[in-house]
Amino acid sequence: MTAAPASSVQWPELLGNSLIALEPLEGTSGRLRFRAADAERVFRAVHDAGFHHLTLVGGIDWVDHREVIYTLWSDERKSYLFLSTDLPADHPSIATATKVWPSANWHEREAWEMVDIHFDGHPDLRHLLMPDGYEFHPLLRSFKLHEPEDLEVKVRHV
Amino acid sequence: MAGDAAVPFVEIEALRSREFIPAAKEALSSMIAEQGQSKLIRPVFNWAGRNSLFPLHWGLACCAIEFAAAFGARWDAERFGVVPRSSPRQCDLMIVNGTVTWKVAHKLITLYEQMPEPKWVIAMGNCATGGGPFRTAYSVVPGVDKLVPVDVYIAGCPPRPEAMLDGILRLEDLIRLRKE
């Protein structure tokens, strides 16, 4: 006996005007675009709708804006749900999801490190894959690959 | 030739084991005091050092698989006196076998500094030699010689165990020529 899949949830009623767009829920999965300012409320509502497992938090640099994507899985509904939201490129900041899904901790650290998305309220926002003090965000489109001659810059961060 | 040593050098081998170490110590120290870093003593230390190279037992990436295979039954690196040790305090050889990232760079330097002198470094494989295919990547050190002095470079991606053993034999040649 399982609950209905994600496509049967009444997302517009659940999320109100935090919901920007609801893309067609094919099969058992779906994609929601929500307003970044209401992130905490959306996270809580989605969690209470049965999506208890956060698989991935990813950041994308679209040059003119940044995007954050949350991949969720519900064991009760046996379906995936993708949340996404757009952030301005000059101040990419969103509330942390760690209060709702503790597994967001390292994913958000990586997204901050790689594409410079700041997660407000994160308990431990420091480097994950690069050494402490590394001051670049290497997966931004504006990042230039280092030539070995630029080594002097990087050695200081060791 | 041992000067006024308590036990003549030539008779040391005939001593019982309990007496051997103090007698050898006294004989050697009197020889060193007499001759300094002489042409006589240095080859003995070089001979001992190059026949008992103890590499640090740590692996960074896929070259570590070849490193491990070299100590298996087929290639058996221990016949050259090469025995991997788990503590840097017991090592005189660091084989950097894999991609060195900036995250691990200062740990590598710490391990190198924990090894007692004299010590040597072998850069095994293309990544350790020059960064390999990740040379311009944001996370990879383009060659471990940017961090620690390297004595022997081994090419290959990864090098076969024969190549690793050849690198160790080249290092033994270097140690044989060591003067200071």
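Each chain gets a letter, A, B and so on, in the order the sequences are listed, and its residues count up from 1. Just so you know, these numbers come straight off a predicted model, no measurement behind them.
Closest approach of A:His127 and B:Lys103 over heavy atoms only: O-NZ, 4.2 Å.
B:Val150 and B:Leu56 fall within the same hydrophobic cluster, defined by Ile, Leu, Val, Met, Phe, Trp and Tyr side-chain heavy atoms under 4.5 Å apart, directly or through other members.
Few gaps surround CZ on A:Arg44; more than 12 heavy atoms of other groups in view lie less than 6.0 Å from it. Around atom CZ of B:Arg74, no more than 12 heavy atoms belonging to other residues, nucleotides or ligands sit under 6.0 Å away. Within 6.0 Å of NE2 on A:His47 lie more than 12 heavy atoms contributed by other residues, nucleotides or ligands.
With a 4.5 angstrom heavy-atom cutoff, A:Leu129 touches chain B only via backbone atoms.
In this structure the side chain of A:Phe136 never reaches within 4.5 angstrom of the side chain of B:Tyr138, judged on heavy atoms.
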